[in-house]
J.: 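Following this message is one structure expressed as structure tokens.
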Amino acid sequence: MQFFNQKTFILLIPVLLAVLYYIVHKIIASIKRKRAEELFTNYHKDRIIFFSKEVNFFGQKSAGRAQVRGNGSLLLTPDELHFLRWLPKKNLVIPLDNIENIERVNSFLGKRKNSELLKVEFNNHLGEKDSAAWLLDNMHAWEQVIKDNLEE
């Protein structure tokens with residue numbers, strides 16, 4: 001009698017897929033935690049005005065339509081808005097002095113969700129007009145706290 005027959009493989013495949021899912025889920029959770037901690041520890045806790053551990057990045061206009069969007073962490077200080085995408089790792093730091101406008105939009109770079117996005121228009125490091133957008137769980141709070149800090 002063979003141990004690895006057709007019935008064994010049929011039973012083994014769902015188990016292997018469940019184990020693979022569990023491992024991938026744990027790795028991603030670990031990366032999320034490390035990246036959020038990395039962003040948070042770059043600033044003294046007294047300088048952090050607002051922080052979201054998990055936001056969905058819809059891209060940066062200057063990078064074009066064919067760019068990777070993804071999840072990351074977003075942090076606001078009195079001087080800057082800092083986004084750290086988890087995978088592939090990317091930092092986007094926007095000085096508050098460079099922010100021209102903040103608005104809610106339904107889509108960005110041809111990408112849309114069923115929720116509104118927070119679009120930030122700013123002058124990039126080259127002095128050119130640029131913008132970026134995020135899907136945030138606490139949209140109203142982010143919008144208000146950024147606007148409040150722009151007025152100061």
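For reference, positions follow the sequence shown, starting with 1. We use all heavy atoms of the structure for the numbers below, so side chains are in, but hydrogens, waters and symmetry mates are not.
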J.: Please examine the side chains of Val24 and Ile28, heavy atoms only from C-beta on, and report whether any two atoms are closer than 4.5 Å.
T.: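 A side-chain contact under 4.5 Å exists here.
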J.: Does the side-chain contact (heavy atoms from CB on, under 4.5 Å) test come out yes or no for Leu17 and Ile13, once each step is laid out?
T.: CA-CA 6 Å; Leu17 288 174; Ile13 288 174; 4.0 Å; yes
J.: Does Glu143 reach the main-chain N or O of Glu103 with its side chain, forming a donor-acceptor pair under 3.5 Å?
T.: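 Checking the backbone N and O of Glu103 against the side chain of Glu143, no donor-acceptor pair under 3.5 Å is found.
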J.: List the residues meeting side chain to side chain contact (heavy atoms under 4.5 Å, CB included) with Ile31, not counting sequence neighbours, and say none if there are none.
T.: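 Expected list: Ile27, Arg35, Trp86, Leu87.
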J.: Other residues, nucleotides and ligands only: do more than 12 of their heavy atoms fall within 6.0 Å of NZ on Lys111?
T.: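 More than 12 heavy atoms, drawn from other residues, nucleotides or ligands, come within 6.0 Å of this atom.
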J.: Kindly compute the distance separating CG (Leu81) from CD1 (Ile94), expressed to the nearest 0.5 Å.
T.: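 With rounding to 0.5 Å, CG (Leu81) is 5.0 Å from CD1 (Ile94).
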J.: Crowded around Asp137 CG? As in, over 12 foreign heavy atoms under 6.0 Å?
T.: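 Incorrect, the count does not exceed 12.
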J.: Excluding sequence neighbours, so at least two apart, what forms side chain to side chain contact (heavy atoms under 4.5 Å, CB included) with His25?
T.: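 Partners of His25 under the side chain to side chain contact (heavy atoms under 4.5 Å, CB included) test: Tyr21.
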J.: How long is the straight-line distance from NZ of Lys119 back to OG of Ser107, given to the nearest 0.5 Å?
T.: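 So the gap between those two atoms works out to 9.0 Å.
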J.: With the 4.5 Å side-chain cut-off for hydrophobic clustering, are Leu150 and Leu118 part of the same group?
T.: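 Shared cluster, yes.
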J.: Distance from Glu100 atom CD to Asn123 atom CG, nearest 0.5 Å?
T.: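 Between Glu100 CD and Asn123 CG, I get 4.5 Å after rounding to 0.5 Å.
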J.: Side chains of Asp148 and Gln144 only: does a donor on one sit below 3.5 Å from an acceptor on the other?
T.: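 Yes, a side-chain donor-acceptor pair sits under 3.5 Å.
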J.: Decide whether a cation-pi geometry holds between Arg85 and Phe57; the criteria are a distance under 6.0 Å from NZ or CZ to the six-membered ring centre and an angle within 45° of the ring axis.
T.: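 Output no; distance or angle outside limits.
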J.: Measure across Leu135 and Ser115 and return the closest heavy-atom pair with its distance rounded to 0.1 Å.
T.: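 So the two residues come closest at CD1-CB, 3.6 Å.
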J.: Is any side-chain heavy atom of His82 closer than 4.5 Å to a side-chain heavy atom of Asn91?
T.: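 Yes, side chains in contact.
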J.: When rounded to the nearest 0.5 angstrom, what distance separates CD1 in Ile102 from CD in Glu121?
T.: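 It is 9.5 Å, given to the nearest 0.5 Å.
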J.: Look at the side-chain heavy atoms of Ile, Leu, Val, Met, Phe, Trp and Tyr, link any pair under 4.5 Å apart, and say whether Phe58 and Val105 land in one connected group.
T.: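 Per the 4.5 Å side-chain linkage, Phe58 and Val105 are co-clustered.
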J.: Minimum heavy-atom separation for Leu96 to Pro78, with atom names?
T.: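 What the structure gives for the nearest pair is CD1-O, 3.3 Å.
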J.: Give a yes or no on whether a salt bridge exists between Glu38 and Arg33, defined as a side-chain N under 4.0 angstrom from a carboxylate O.
T.: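 No, Glu38 and Arg33 are not salt-bridged.
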J.: State, with a plain yes or no, whether a side-chain heavy atom of Asn138 is found less than 4.5 Å away from one of Ser52.
T.: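 The answer is yes; the side chains approach within 4.5 Å.
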J.: I need the minimum non-hydrogen distance between Trp142 and Leu74, along with the two atoms involved.
T.: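 That closest heavy-atom pairing would be CZ2-O, 3.5 Å.
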J.: Any side-chain heavy-atom pair from Leu117 and Arg104 closer than 4.5 angstrom?
T.: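 Contact flag for Leu117/Arg104 side chains = no.
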J.: Where do Asn106 and Arg112 come nearest, in terms of heavy atoms and distance?
T.: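 The answer is O-CB, 3.5 Å.
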J.: Compare all side-chain heavy atoms of Leu76 with those of Val145 and state whether any distance is below 4.5 angstrom.
T.: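 They are in side-chain contact.
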J.: Given 3.5 Å as the limit, does a donor-acceptor pair link the side chain of Thr41 with the main chain of Glu37, or not?
T.: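 Yes.
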J.: Is any side-chain heavy atom of Lys90 closer than 4.5 Å to one of Gln60?
T.: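 Counting from C-beta outward, Gln60 and Lys90 do come under 4.5 Å.
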J.: Do Ser73 and Phe83 have side chains that approach each other closer than 4.5 Å (heavy atoms only, starting at C-beta)?
T.: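 No - every pair of side-chain heavy atoms lies 4.5 Å or more apart.
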J.: With rounding to the nearest 0.5 Å, note down the distance linking OG1 in Thr77 to CG in Asn149.
T.: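 With rounding to 0.5 Å, OG1 (Thr77) is 8.5 Å from CG (Asn149).
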J.: At their closest point, which heavy atom of Ala133 faces which heavy atom of Phe108, and how far apart are they?
T.: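 Distance-wise, the nearest heavy atoms are CB-CG, 3.5 Å.
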J.: Which heavy-atom pair separates Leu109 from Gly64 by the least distance, and what is that distance?
T.: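 Closest approach of Leu109 to Gly64, heavy atoms only: CD1-O, 3.8 Å.
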J.: Measure the CZ-OG distance between Phe122 and Ser131 for me, rounded to the nearest 0.5 Å.
T.: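 Answer for the CZ-OG pair, Phe122 versus Ser131, is 7.0 Å.
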J.: Check the pair Asp130 / Asn98 against side-chain contact (heavy atoms from CB on, under 4.5 Å), numbers first and verdict last.
T.: CA-CA 10 Å; Asp130 204 350; Asn98 292 4; over 6 Å; no
